Each structure stands twice: as structure tokens, then as C-alpha cells.
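Remarks on the structure that follows.
Remember, it's 1-based here, ligands and their atoms both numbered in the order they're listed. Keep in mind the model is a prediction, meaning the values are calculated, not measured.
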Amino acid sequence: MTGRLGGSVALVTGASSGIGGATGRALAAQGAVVALLARRADRLDELVKEIEAEGGRALAVPCDITDREAATAAVRRTVDTFGRLDIVVNNAGSMLLGEFAGAPAELSDRMVAINVNGLLNVSRAALPYLVAAAAAEDGRGVADLVNVSSVAGRKAVAGGAVYALTKYGVVGLSEGLRQELAGRRVRVTVVEPGAVQTELADHLAPEIRDRILTGMDYTPMDPGDVAEVIVFATTRGRNVAINELLVRPTGQLL
Ligand code: NDP
């Protein structure tokens with residue numbers, strides 16, 4: 001498949017739904033070969049079929065990114081299959097809202113495990129390949145690490161303290177990595193979406209989900225809106241790095 005990302009290999013975490021699924025589709029539509037990571041293998045298989053039906057190439061890599069060895073093996077499988085890795089989108093995440101006091105420790109442990117340690121596991125395994133792709137003569141002369149944070153990575157709210165902890169962390173990590181990797185031509189982009197219509201809120205306690213949805217007096221974005229932003233960042237010329245993108249639905253205030 002030809003396109004602005006023809007010849008590039010991308011890996012997207014959390015590709016079984018929402019923003020990750022839309023990003024897998026969108027990168028494939030630009031000609032990238034895509035490795036799709038998440039735990040739900042059936043969803044990934046469906047997306048592979050969809051991408052292939054459009055003339056693209058994709059691989060389902062079922063994986064729990066909180067398991068360091070599994071995350072490392074998933075990155076290695078991608079490179080073994082496609083020979084290189086040019087773009088990584090760290091998108092998998094979990095948002096378990098609710099007041100911190102009195103909440104089970106498992107909720108915050110879970111968010112930290114996925115949003116922080118899972119992201120680190122994938123990044124640690126992938127970075128040597130991104131550096132190699134950026135230096136390769138047959139590549140774009142640049143590689144991309146895209147980390148999906150949130151507006152919650154710029155502004156914390158009551159009931160979202162631990163989620164904010166993880167997403168502020170992603171912003172800080174991204175800036176540190178940006179400085180470490182700039183000389184090696186790996187661009188680091190942090191994307192901070194506002195509300196997007198996905199399965200993210202399905203994992204909330206019903207009373208918390210109802211409270212959030214009742215207070216939402218605007219239309220959330222579609223996952224494809226955020227995917228477009230990620231495509232924008234990853235298709236700039238080699239000397240242009242879009243380091244931070246805050247993107248809200250038009251009507252969202254906070
Ligand atoms: P979804 O719930 O639709 O997607 C989350 C994805 O993460 C799923 O594909 C899920 O797949 C994957 N995932 C969860 N845990 C793991 C794990 N342990 N290992 C591998 N994959 C995992 O929500 P979104 O698309 O909304 O979320 C994507 C990102 O966007 C998250 O980081 C979220 O914090 C962020 N975000 C979302 C916003 C929104 O309003 N929706 C706003 C701001 C940021 P599976 O269950 O199959 O493993």
C-alpha cells in the first residue's frame with residue numbers, strides 16, 4: 001500500500017477499541033504496516049481483516065502490556081515479522097474514577113500498571129528499534145513515539161486524582177524522552193485528548209459513569225478525530241516534530 005507512511009511499520013497499543021482501533025486504521029490508510037496490541041484477540045483479528053480488506057497489512061499481537069516479558073515479546077514479534085519499527089503509539093489505558101479515600105487499592109494499582117508501567121514496558125522494548133529505524137537509509141529519516149495522555153495530564157479534578165497522576169506522568173516522561181531522543185531523530189509526541197466516545201467509561205462504577213454522563217453537556221469527539229491528530233503528527237516532514245497536542249471537543253470547558 002502506498003501513502004505518506006508507505007514502507008513504515010507502526011505498533012499501536014490498545015488497538016482493540018476506541019482511539020487505538022481508529023489509529024490502527026488511520027495509520028494503515030496512510031500506508032503503514034500495523035501491529036495491533038491489546039488483550040482481546042478476537043477484536044484485533046477483526047481489525048486485521050478490516051485493514052486487509054482495504055488493501056493494508058496488519059498483525060494482531062494479543063498481549064497484556066502490564067506483563068513486561070509479554071510486552072517485550074510483542075515488540076520483538078512485530079520486528080521479527082515486519083523487519084523494523086518506525087512508529088509506536090502508546091495508547092492503551094484505563095480510567096477508573098472515584099474519590100481516592102476509601103477506594104480499593106486495586107483500582108489505583110490497575111491504572112498505574114497499565115497507564116504507567118505498561119507504557120514503560122512497551123517503550124523500553126521499542127526504543128532501540130525506533131532509533132535504528134530513524135537512522136536507516138531506507139526509512140523516513142525520523143521515527144515516532146506517540147504517547148496518549150489526556151486533558152487529565154494537564155488539569156486534575158476531584159475523583160480523578162490517580163488517573164491524573166498517571167497522565168501527568170505520561171506528559172513528564174514524554175518531555176524527558178523528547179530531550180533524550182531528539183539527537184537520534186526520534187520524535188516524541190504527547191497527545192492530550194478531551195472527551196472521546198469510546199469504551200473507556202464502560203469500566204466505571206455505574207453511579208460514577210451516570211454522574212459523568214449527566215454532567216456532559218457537549219458532544220464528545222469520535223476516536224477517529226484523535227487518530228487524525230496522530231496521523232498529522234507522524235506524517236510531518238523529518239525536520240518537524242509536533243511535541244504536544246491538546247485536543248478537546250469544541251464544547252468542553254475543563
Ligand atoms: P478504550 O477503553 O476504548 O480503549 C482502551 C484500550 O486499552 C483497549 O483497546 C484495551 O484493550 C487496551 N488495554 C487496556 N488494558 C490493557 C492491557 N493491560 N494490555 C494491553 N492493552 C490494554 O478507551 P480509549 O480509546 O478512550 O482509550 C485510549 C487512551 O486514550 C487511554 O490511554 C485513555 O486514557 C486515553 N484518553 C481517552 C479519553 C476518552 O475520553 N475516551 C480522553 C483522554 C485520554 P483490551 O481490553 O482488549 O486489552
Tell me: protein heavy atom nearest atom 9 (O) of ligand 1, and distance? Ser16 OG, 2.8 Å

Among protein heavy atoms, which sits nearest to atom 37 (C) of ligand 1, and what does the distance come to when rounded to 0.1 Å? Leu200 CD2, 3.5 Å

Among protein heavy atoms, which lies nearest atom 28 (C) of ligand 1, and at what distance? Asn91 OD1, 3.0 Å

Look at atom 43 (C) of ligand 1 and say which protein heavy atom is nearest, naming residue and atom and giving the distance to 0.1 Å. Pro193 O, 3.1 Å

Does OH belonging to Tyr218 count more than 12 external heavy atoms closer than 6.0 Å? yes

Any Cys63 heavy atom less than 4.0 Å from ligand 1: yes

Only heavy atoms count here, so choose which of Asp64, Leu44, Thr13, Val12 is nearest to atom 18 (N) of ligand 1. Asp64

So if you build clusters from Ile, Leu, Val, Met, Phe, Trp, Tyr with side-chain heavy-atom gaps below 4.5 Å, do Leu213 and Leu97 land together? no

Do any N/O atoms on Gly14 end up under 3.5 angstrom from N/O atoms on ligand 1? yes

Testing Val61, Ile51, Leu11 one by one against Leu36 for a side chain to side chain contact (heavy atoms under 4.5 Å, CB included), which residue passes? Ile51

Atom 23 (O) of ligand 1 has as its nearest protein heavy atom Thr198 OG1, 3.3 Å

Counting neighbours of CG on Asp80 that are heavy atoms of other residues, nucleotides or ligands and sit closer than 6.0 Å, is the number greater than 12? yes

Can you hop from Leu173 to Val186 via hydrophobic side chains spaced under 4.5 Å? yes

Judged on heavy-atom distance to atom 21 (N) of ligand 1, which of Gly24, Ala15, Ala38 sits nearest? Ala38

Is it the side chain (CB and beyond), the backbone, both or neither of Lys167 that lies under 4.0 Å from ligand 1, heavy atoms counted? side chain

Between Glu46 and Lys49, is there a salt bridge with N-O shorter than 4.0 Å? no

Is the shortest distance from a heavy atom of Ala195 to ligand 1 less than 4.0 Å? yes

Hey, could you give me the CD/OG1 distance between Glu228 and Thr23, rounded to the nearest 0.5 Å? 10.5 Å

Would you say that more than 12 heavy atoms from the other residues, nucleotides or ligands in this model lie under 6.0 Å from the CD of Glu99, or not? no

Shortest heavy-atom approach to atom 44 (C) of ligand 1 - which of Ser149, Ala71, Gly93: Ser149

Heavy atoms of other groups near Arg68 CZ, more than 12 under 6.0 Å: no

Looking only at protein heavy atoms, identify the closest one to atom 34 (O) of ligand 1 and say how far it is in Å. Tyr163 OH, 2.6 Å

Contact with ligand 1 for Ala113, non-hydrogen, under 4.0 angstrom: no

For residues Asp144 and Thr234, is any side-chain donor paired with an opposing acceptor at under 3.5 Å? no

Hey, is ligand 1 close enough to Thr66 that some N/O pair sits below 3.5 Å? no

With side chains defined as the heavy atoms from C-beta onward, is the minimum distance between Cys63 and Arg77 less than 4.5 Å? no

for atom 8 (C) of ligand 1, nearest protein heavy atom and its distance come out as Ser17 OG, 3.4 Å

Of all the non-hydrogen atoms in the protein, which one sits nearest to atom 25 (O) of ligand 1, and at what distance? Ile19 N, 2.8 Å

